[in-house]
Structures are given as C-alpha cells and as structure tokens.
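In what follows, a single structure is set out as structure tokens and then discussed.
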Protein chains: 2
Amino acid sequence: MDAARPPLRERKKLRTREALIDTALDLFTRQGFTRTTLDELCYAVEVSKRTFFRNFVNKEDVAMAPTQDLWAAFLDELRVRDPDGRPLMEMLQETLLSALERMTADGWASRVVLSRNLAAATPSMNAHGLDFCDRTTRAALAIVHDRFDIADPDDVRPRLALDILVAAFNKALEKWASRSGAPSRADLGADLRDTFAAIPGSLTLTVGPRSPEPPARPASI
Amino acid sequence: MDAARPPLRERKKLRTREALIDTALDLFTRQGFTRTTLDELCYAVEVSKRTFFRNFVNKEDVAMAPTQDLWAAFLDELRVRDPDGRPLMEMLQETLLSALERMTADGWASRVVLSRNLAAATPSMNAHGLDFCDRTTRAALAIVHDRFDIADPDDVRPRLALDILVAAFNKALEKWASRSGAPSRADLGADLRDTFAAIPGSLTLTVGPRSPEPPARPASI
DNA sequence: TACGTTTATGCCACTGAGTGGCACTATGGA
DNA sequence: TCCATAGTGCCACTCAGTGGCATAAACGTA
C-alpha cells in the first residue's frame, strides 16, 4: 500500500485530465485556439465533451492549467508563511518564488511556455488568464487579511501590493517565454527576481520628450 | 449648419449605439447578464442581432462602453501631453485625471457604476474588462515609447508603472461604486487621488502576525 | 427631380460552446 | 457477491457569434 498512491478511480481521472491538457496544448499550438474545436480535442483524447466540462470550466481553462498550478501553490504557501516583520511586498515575492520551487512536475516549464504563448496570441485566453489572476489576487487578499495584522480592513495597500506582484509576474513570464532554448524553472526564477527589483524604480522613473527636443531638465524629483 | 453636428447617417448610428448601451445596462442589471439573451436585447431596441455585432465585438462589450470612453480619452490625452521632467507615474496619474474631466456626457457617472457593478458580478464581464485594460495598457506603452525618451526599449518600468496605474484605477472605482448617493465624477476624482497616494506605501507596508503577538484582543473580526 | 454610389441594416442559415437529463459502467466497500 | 457511488457517454437543447446576400436609407451630382 503506497501512501502517495491514491485510489485507482482518482488516478484514472487525473490521467484523462492530463491527457486533455497535453493534447489541448498541442492542438491549440499547432492549429490555433479558435480553429480547434472541442469535438476535435475530445475525439483525440477519446472522451466525451461532457467529460471535458466536468474537468474544466471552459475551453480556455484547459490550456491554463500549468500556470494555475503555480498560483495554487502560492496560495498554499501563503497560508503557512511567517511574516517576520518584513515588508509585505517582499514576503509576497518570496512566497511566489518558493511556490515556483515546488513546480517539479515533469515538463512543467515547457507547458507553461506553451500556455503563455497561447494566451498572448488568443484574446479570449488572455482575458480568462487575467480573470484567473484577479480571482487569485482576491483569494490571496483574503488570506493576508485573515492571517496578518492589518489595522484598517479597507486599506488599499495590500491589494495594490498583490496587483503589483501579479503585474511583475506577468512581465517576467513574458521575458522568460521569449528566451531561446529549453525553458527552465531556474531561468523563470531569475527573471522574476529581476522584475521584482525593477518595481521601486517604476514609481520614480523620470522621462523627457524624445529626440526632437533636447531633455530640458533631466532627473529631478 | 452646425459644425458640431455630423451627418444624419452617423447621428442615427450613434443613437442606436447609445440605445443598445442603455438598454443593455438596464436589462443586465435587472435580470442578470447571463439571463438576458441578445435576441431579447435586440428585440427591445428593435435592431437585428447582426447590427448589434457591427457595433460591439461581443455581448460583454456593450456593457463596458462607458469605461472604455474614459480610457480612450486617456490615450488621446497621453498623445499630446508634455512630460516636463516629472516622474512618469505622476504624469500618467494626471493624464487619467484630465481624461476624467472630459467625461461630460449626460449620465456618464451612473452608467459607469452600473457597468462596474455588472463586471463585479459577472465573471465573463470581469474577464473582458481586464482584457480591455490590458490592451489599453499596451497601447499606452506604445505611445510612451514613441513620444518619450526611454533609453532601453525593454525597460520593464514603464509597463509596471502603467499596470500599477490601472490597478489603482480599478481599486478607486471599487471604492467609488460602493459610495451611497448619486455617483459623481468629482467623487471618482477624489477616490483616484486617494488611491494614487497610497501606492508608495504599498511597497513598504509591513505586517506582523495576527493574533498571537498583540494585546489580548481575540481574533474575531 | 432623377440618378447612381455608398453605407448601414435586415434576414437567414450555419457553426460551435456550453448545459441538463438520464442511462450505463467501473470502482471500492461490506 | 451485492450494493452504493463516482464518473462517463449519449442526446437534445439554448444561445453567442459569423458569413452571405438582398434591401433601404442617406449623400453627392446632374
């Protein structure tokens, strides 16, 4: 009896789920999202459309599973993390990075890249991806309010911090996906750290007009 | 001959467009978004479904028009604004505030509140709303890169600044929509300023654990 | 007033996503 | 061996969204 081995029924269910994800990423990438019908996908996986919708809430959902795994781990981690008196923003960043460390499933990085590129190319997938980020942000906010000491329940700062975290994540994902070579989790971690480091500068960055006029007054706050 | 009076054809088109928006906001609010079919809406406005889709890209779009007007004005304003050596973030905030000043159409504020509340209550509308923000962000980023002097074209800071602006806007919108009484543009402006002011603090906000440390105050909300 | 051109609209048939209902089968427990 | 239960397949249905083509209204011109 293996503890890490759930009953057969669940294993089977998980296998069809993974087959749907892999086949969907493959078909969507090769043929395009809209040009691939669900009937086609279900036929390829030998599953009824009804079964598809028992596993995923909509057509977009199946292709976003890899990224969703990361954010689920983020929320798990956030539920147990120790604040230890450092800025919330910093803690959120570290929480995301340790969630990333947990993404050890085989080929996860490759699937995330496929998923992201599809989202970038498909309006409706982009929309659903953003919606997922939004719902995750709210869930995280609830955890933060529940576990940490925040005087004013209407304080907008925690929410902004989470939004900024997500914005940085998406930007880092974009950078990482455009790298050449096989995608690796370590590289994503590096891109995340770089992007996090750029956050404070985004509030103070000063720009002048472009080329026609010379910069009248460079950096001053 | 009135200069501010476009040809009859365009006026008619605009009128059906506005009728669709107003009727949609009304029906969606009263009956719910999903429980209102497009056939129903088109029947009420006495327009064919084909005409609906010539005016709006999808069912969600019609209910987001009021907010889209604001962001269109924001982009217009951004195309002509003078950077004058202040931080980009500050300039973006002021640009949005002056775009807001231009929203003088009758009942605009009320429509925005309806629109926002619908988005908050309807997952697919929320998703499309976020997608619209994202596309607007990209458009704004293109303008910023085109008009202002940014050394590195891959600099993530302008993008982050825009994302933060949008996050603050959405948060301010939420606060404003929950106010009691008739919604006013001035109140939205005030909520925007408040939220903008909270941005720097969101990066440095420090939190401790909830119940254990502080005085004997039980952890009930 | 008569004319052609342009532009918006109506109508109709069609694809495909997503749902509800019910019967069927495989798993796991007694 | 039998039964309860979870998961699946099948079928019919609703409704969003599209393509094509004919029509009508608006505008310019003679």
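Keep in mind the model is a prediction, meaning the values are calculated, not measured.
The residues A:E18 and A:R15 are annotated as not salt-bridged, no charged nitrogen and carboxylate oxygen being separated by less than 4.0 angstrom. Using a cutoff of 4.0 Å between basic side-chain nitrogens and carboxylate oxygens, A:D163 and B:K171 are not scored as salt-bridged.
The base of D:dG17 is paired with the side chain of B:K49 by a donor and an acceptor separated by under 3.5 Å. Judged by distance alone with a 3.5 Å cut-off, a donor-acceptor contact links the side chain of A:R50 to the base of C:dG21.
Atom CZ in A:R35 sits roughly 18 Å away from atom C1' in C:dA17 (whole-Å rounding). Look at CZ on A:R11: it is 18 Å from P on D:dA6, rounded to the nearest Å. Across the protein-nucleic acid pair, A:L38 atom CG and C:dG16 atom P stand 10 Å apart, rounded to whole Å. Residue A:F53 contributes atom CZ, which lies 19 Å from atom P of D:dC13 at whole-angstrom precision. The separation between B:N55 atom CG and C:dA8 atom P is 10 Å, rounded to whole Å. In this entry the distance linking CG of A:L20 with P of C:dA17 reads 14 Å, nearest Å. Rounded to whole angstrom, the span from the NZ atom of A:K59 across to the P atom of D:dG17 amounts to 13 Å. Rounded to whole angstrom, the span from the CG atom of A:N58 across to the C1' atom of C:dT19 amounts to 13 Å.
B:S124 comes within 4.0 angstrom of nothing in the nucleic acid, heavy atoms only. If you check every strand for non-hydrogen atoms under 4.0 Å, B:E46 touches sugar and phosphate atoms only. Counting non-hydrogen atoms under 4.0 angstrom, A:T37 reaches the backbone sugars and phosphates but no base. At a threshold of 4.0 angstrom between heavy atoms, the contacts of B:K12 are confined to the sugar-phosphate backbone, with no base atom among them.
For the side-chain contact (heavy atoms from CB on, under 4.5 Å) test with B:F74, the passing option among B:L100, B:L97, B:L165 is B:L165; the others fail.
Each of D:dG20, C:dT19, D:dT8 was ranked by its minimum atom distance to the side chain of B:R54; first place goes to D:dG20. Out of D:dT8, D:dG17, C:dG18, the shortest distance to the side chain of B:E60 is found at D:dG17. Considering only side-chain atoms of A:V47, the nucleotide from C:dT9, D:dG9, C:dT19 that sits closest is D:dG9. In the set D:dT8, C:dG18, D:dA16, D:dT8 carries the atom at the smallest distance from any side-chain atom of A:T51.
In this model, a donor atom of one side chain and an acceptor atom of the other lie less than 3.5 Å apart for B:E60 and B:S124.
Heavy-atom nearest nucleotides on DNA chain D were determined for A:T16 and for B:D39, and the one closer to the 5' end corresponds to A:T16.
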Derivation and outcome, side chain to side chain donor-acceptor pair (under 3.5 Å), residues B:R111 and B:T67: CA-CA 9 Å; B:R111 281 195 295 274; B:T67 320; over 6 Å; no
